[in-house]
S.K.: 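I'd like to ask you about the structure that follows.
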Amino acid sequence: MKIGYPCINTSIVREGPSTFRLASYNEHCLVKVVRNNLDHLEKILHYNVKNNLLFFRISSGLVPFASHPVCKVNWQKHFAHQFNGLGEFIKENKIRISMHPDQFVLINSPKELVVESSVRELTYHCSILDLMGLDGSAKIQVHVGGAYGDKILAMKTFEKNYDTFLSYQSGDGLSVTNAFPMCCETWGKMDGLPMADYSDQEFGYRKGRHCTSIDLKDFRKFILQTRGLDYDLMLEIKDKQISATKAIHTLHDLSDSNRTSR
């Protein structure tokens, strides 16, 4: 299992802006920000390898406004060498990579314009992974979307648009122990190990709010519930690499305990 965290390393200070406003868009600004983002990503990847954090979600904002009609810069060509270098480092160190577009990317939306913009955004994400030369084990995680008043129709719309625009094919009420093996069976050899997200609920806040730091008691319980399954785990926890490091230490402790018990 590889354990990772998304987008930001709280211990690495950013030396420049990561994005800018659409109103101030210009080619010079785009090039400057993208170069800074790629440099910062390189620092994060080096940190992760040093600390055995071999699963990372690359920020969707790596190239600001890349899928927006305003962007006319051939950033793919301009930064091809830098993307290739990052990809080589990722492959050499066997880092698992994912990306996760924002919640506005909804290919089951009943609004044609939303679907069109979603496809552009997903195409941009694919370009990032292709420029790095990564294989099919590097994944783009998408939101399925809302029910829009008809859950069955919304599901069918998702399937139709997924097949139409993205050329790919895609359990309520089940326990983790029962549901997880079913999910793993949908991953083929070319997909790599299944990816799973993990988070704890932040106490005292709305349902679904990610916690600040990992609850190691709950984490141990989850690991034991999925024992025997091989997968990579993305921690959706606010203190990022701090909780990821704690989780890795917990895995080692559980592994040592299993060896001793045998």
S.K.: Tell me if a side-chain donor or acceptor on K240 pairs with a main-chain N or O of P6 at a distance below 3.5 Å.
M.R.: yes
S.K.: For L54, does its backbone N or O pair with a side-chain atom of N48 as donor and acceptor, under 3.5 Å?
M.R.: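 No; zero donor-acceptor contacts below 3.5 Å.
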S.K.: Quick one: does T186's side chain have a donor or acceptor within less than 3.5 Å of a partner on M182's backbone?
M.R.: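 The answer is no, because no donor-acceptor pair under 3.5 Å joins these two groups.
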S.K.: Run the numbers on Q241 and S11 for side chain to side chain contact (heavy atoms under 4.5 Å, CB included), then give the verdict.
M.R.: CA-CA 8 Å; Q241 80 286 346; S11 71; 3.7 Å; yes
S.K.: Counting neighbours of CE on M155 that are heavy atoms of other residues, nucleotides or ligands and sit closer than 6.0 Å, is the number greater than 12?
M.R.: no
S.K.: With rounding to the nearest 0.5 angstrom, report the CG to NE2 distance, L38 to H81.
M.R.: 11.5 Å
S.K.: Suppose the criterion is ring pair (Phe, Tyr, Trp, His ring centres under 6.0 Å): which pairs have a residue in residues 98-147, not counting sequence neighbours?
M.R.: W75-Y124, H100-H143
S.K.: Among all residues two or more places apart in sequence or in another chain, which pass the ring pair (Phe, Tyr, Trp, His ring centres under 6.0 Å) test with H68?
M.R.: none
S.K.: Determine yes or no for a side-chain-to-main-chain donor-acceptor pair under 3.5 angstrom, with E42 supplying the side chain and L86 the backbone.
M.R.: no
S.K.: List the atom pairs, donor and acceptor, that lie under 3.5 Å between side-chain atoms in residues 228-239 and the rest of the protein, sequence neighbours left out.
M.R.:
from : atom 1 : to   : atom 2 : distance (Å)
Y231 : OH     : T226 : OG1    : 2.5
D232 : OD1    : K2   : N      : 2.9
D232 : OD2    : R96  : NH1    : 2.6
E236 : OE2    : R57  : NH1    : 2.9
E236 : OE2    : R57  : NH2    : 2.7
D239 : OD1    : S243 : N      : 3.4
D239 : OD1    : S243 : OG     : 2.5
D239 : OD2    : S213 : OG     : 3.2
D239 : OD2    : S243 : OG     : 3.2

S.K.: State whether the side chain of D135 and the backbone N or O of S137 hold a donor-acceptor pair below 3.5 Å, judged by distance alone.
M.R.: yes
S.K.: If you count every heavy atom of other residues, nucleotides or ligands that lies below 6.0 Å from E112 atom CD, does the total exceed 12?
M.R.: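 Not buried by this count: 12 neighbours or fewer within 6.0 Å.
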S.K.: Checking N26 side chain against H28 main chain: does a donor-acceptor pair fall under 3.5 Å?
M.R.: yes
S.K.: Say whether, by atom type as modelled, one donor and one acceptor occur between the side chain of N36 and the main chain of P17 under 3.5 angstrom.
M.R.: yes
S.K.: In terms of the angle between their ring planes, are F79 and F83 parallel, tilted or perpendicular, with boundaries placed at 30° and 60°?
M.R.: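 Ring orientation, 0 to 90° scale: perpendicular.
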S.K.: Side chains of I107 and V142: does their closest heavy-atom pair fall under 4.5 Å?
M.R.: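 No, their side chains stay 4.5 Å or more apart.
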S.K.: So does E27 have more than 12 non-hydrogen atoms from other groups sitting under 6.0 Å from CD?
M.R.: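 No - once you tally the heavy atoms of other residues, nucleotides and ligands closer than 6.0 Å, there are 12 at most.
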S.K.: Using atom types as modelled and distance alone, determine if a side-chain donor or acceptor of D200 lies under 3.5 Å from a backbone N or O of I214.
M.R.: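 No, D200 side chain to I214 backbone: no donor-acceptor pair under 3.5 Å.
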S.K.: Are the side chain of K151 and the backbone N or O of Y148 linked by a donor-acceptor pair below 3.5 Å?
M.R.: no
S.K.: Between S109 and V115 (side chain of the first, backbone of the second, donor and acceptor by atom type, cut-off under 3.5 Å), is there such a pair?
M.R.: no
